[in-house]
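First comes the structure, then the notes that go with it.
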Amino acid sequence: MKILFYDTKSYDKESFEKKRNEYPEIQIDYLKSELAPGTAQLARGYDGVCAFVSCDVGTETVKILHECGVKLILMRCAGFNNVDISRAGEFGMKVMRVPGYSPEAVAEHAMALALAVNRRINKAYVRVRENDFSLSGMLGFNFHHKTAGIVGTGKIGAAMARICRGFGMKVIAYDMYQNPDLDFVTYVKLDELLGRSDLISLHCPLMDETYHLINQETIHKMKDGVILVNTSRGGLVKTEDLIEGIRERKFFAVGLDVYEEEKKNVFEDRSDDIMESSVTARLLSFPNVIITSHQGFFTQEALEAISETTLNNARAFLNGEKTGNEVE
């Protein structure tokens, strides 16, 4: 079985090559280019392609892949909102993903963002490098005895809930389906969570129902001085409304590992580029905002799990087996 990997970084190749000998029936070729309509033709002659979260696997891309004879689309990530699942199904193409590679990796990064923006670690780092040891503008607040609101209590949200509990926080949550393993969590309606939480952390998938979940209306329902963290999907937050809320001093701080306008920036060095959009610059202009580059997943353990699950998915497809990682 031949698989063409798109959007391959050095760490991706290194991680998959470590596992490759365990899967002699699978041949892998690597491309640095992202999967998109303009590059889909390169998959001619391959049985499958492997893409990542920033790739465009929409209607046109899927059509071209089908014309090239591709039967399998492997997503080496949990999200699949960038894939036209219905069109792939029409063409008889299988889509498989990695639903849970390391929930603790993302949850720990979410808490790292929350702590960093609360205690202004970014500002402190820059100041001390300039021999400025003053504390003005650095005042934070204790998480102990505060309320954490977790939106979405799947594997990552559950891991974040446990971390917050470890900090001595009261944990409340909103989810359509309650997680029976979180007996210390109180489930509430979304409006109540927004109004009670000192820290709100987003861990839900991006769907029609959750698109722009955080908007002008829901921001106004939040407690004044709240910390908002998003390590899930950029489309959960309407950026213009978030910026307005920051300007109105609704938020004590905001930590973002994802944001709507990130697509061209994710995992790329654009230090010499003139940015097409000023949104990122506007967000970074606020002293109480920290943005990281979609790195919540980026741990050794997560990369190992991603490579192993992705290759197991390919092997199962080749053998006509089910893994539960199929997207239909």
Side-chain angles (χ1 to χ4, degrees), residues 5-16 32-36 50-57 74-83 97-117 122 151-152 154-157 159-160 201-207 210-214 228-239 242 253-271 273 275-277 279-284 289-307 309-310:
F5 275 52
Y6 283 86
D7 194 20
T8 310
K9 301 296 188 292
S10 59
Y11 45 81
D12 292 316
K13 185 174 182 180
E14 180 180 347
S15 177
F16 276 90
K32 292 184 179 180
S33 305
E34 286 193 355
L35 178 56
C50 184
F52 200 49
V53 65
S54 57
C55 292
D56 174 5
V57 201
L74 294 166
M75 299 301 298
R76 55 183 189 274
C77 55
F80 52 89
N81 55 286
N82 55 331
V83 184
R97 67 183 183 121
V98 183
Y101 35 88
S102 179
E104 291 78 18
V106 182
E108 288 172 13
H109 190 71
M111 181 51 81
L113 280 172
L115 291 168
V117 293
N122 56 327
V151 181
K155 292 181 179 179
I156 298 174
M160 182 61 172
S201 193
L202 305 180
H203 299 285
C204 50
L206 180 61
M207 305 179 293
T210 59
Y211 179 68
H212 285 174
L213 179 71
I214 304 302
L228 175 69
V229 172
N230 186 12
T231 55
S232 187
R233 289 290 180 266
L236 297 175
V237 179
K238 187 174 182 180
T239 308
L242 175 65
V254 175
L256 304 173
D257 190 45
V258 293
Y259 53 100
E260 283 188 291
E261 296 76 12
E262 71 177 352
K263 188 178 186 311
K264 291 185 178 180
N265 300 338
V266 173
F267 315 130
E268 301 298 331
D269 180 359
R270 304 198 62 197
S271 55
D273 293 351
M275 305 297 277
E276 298 88 349
S277 171
V279 172
T280 308
R282 287 163 66 193
L283 284 169
L284 288 172
V289 175
I290 292 180
I291 298 178
T292 53
S293 186
H294 208 124
Q295 68 187 70
F297 77 100
F298 199 50
T299 66
Q300 295 175 358
E301 293 82 358
L303 288 180
E304 181 178 348
I306 288 170
S307 58
T309 303
T310 300

Reported CD-to-CE distance for the pair Glu104 and Met111, which is rounded to 0.5 angstrom: 14.0 Å
Under 3.5 Å, side chain of Arg97 to main-chain N/O of Ala78, donor-acceptor pair present? yes
Which residues pass the ring-ring contact (aromatic ring centres under 6.0 Å, His included) test with Phe298, sequence neighbours left out? Tyr11
Minimal heavy-atom distance between Cys77 and Val53, with the atoms involved, is SG-N, 3.8 Å
Do Ser102 and Glu301 pair up side chain to side chain, a donor and an acceptor below 3.5 Å, judged on atom types alone? no
First locate atom CD1 of Ile291, then atom CG of Asn230, and finally report the distance between them rounded to the nearest 0.5 Å. 11.0 Å
If we ignore hydrogens and angles and just use 3.5 Å, is the side chain of Asp12 paired with the main-chain N or O of Ser15 as donor and acceptor? no
Would you mind reporting whether Met75 and Asn82 have side-chain heavy atoms less than 4.5 Å apart? yes
What pairs with Thr309 under side chain to side chain donor-acceptor pair (under 3.5 Å), at least two apart in sequence or on another chain? none
Which pair of heavy atoms, one from Leu202 and one from Ile214, lies closest together, and at what distance? CD1-CG1, 3.8 Å
How long is the span from the CZ atom in Arg233 to the CE atom in Met207, to the nearest 0.5 Å? 12.0 Å
Side-chain donor/acceptor of Thr210 to backbone N/O of Leu213, under 3.5 Å: no
Which is it for Leu242 and Leu256 under the side-chain contact (heavy atoms from CB on, under 4.5 Å) test, yes or no, and what are the steps along the way? CA-CA 11 Å; Leu242 175 65; Leu256 304 173; 4.0 Å; yes
How close do Pro205 and Leu236 get, counting heavy atoms only, and between which atoms? O-CD2, 3.8 Å
At what distance, to the nearest 0.5 angstrom, does CG of Leu115 lie from CD1 of Ile290? 10.0 Å
N/O donor-acceptor pair under 3.5 Å between Asp257 side chain and Gly296 backbone: yes
Rounded to the nearest 0.5 Å, what separates atom OG in Ser232 from atom NE2 in His203? 7.5 Å
Closest non-hydrogen atoms of Ile156 and Ala107, given as atom of the first, atom of the second and distance, are O-CB, 3.8 Å
Evaluate the side-chain contact (heavy atoms from CB on, under 4.5 Å) criterion for residues Leu303 and Phe297: first the C-alpha distance (whole Å), next the side-chain angles of each, then the deciding distance (0.1 Å), finally the verdict. CA-CA 8 Å; Leu303 288 180; Phe297 77 100; 3.9 Å; yes
Kindly compute the distance separating CZ (Phe52) from CG (Leu74), expressed to the nearest 0.5 Å. 13.5 Å
All heavy atoms of Ser201 vs all of Met160, minimum pair found to be OG-CE, 3.8 Å
Could you report the tightest heavy-atom contact between Gly235 and Glu260, atom names first, then the distance? CA-CG, 4.0 Å
Evaluate Phe5 against Arg76 for side-chain contact (heavy atoms from CB on, under 4.5 Å), listing each step before the verdict. CA-CA 10 Å; Phe5 275 52; Arg76 55 183 189 274; 4.0 Å; yes
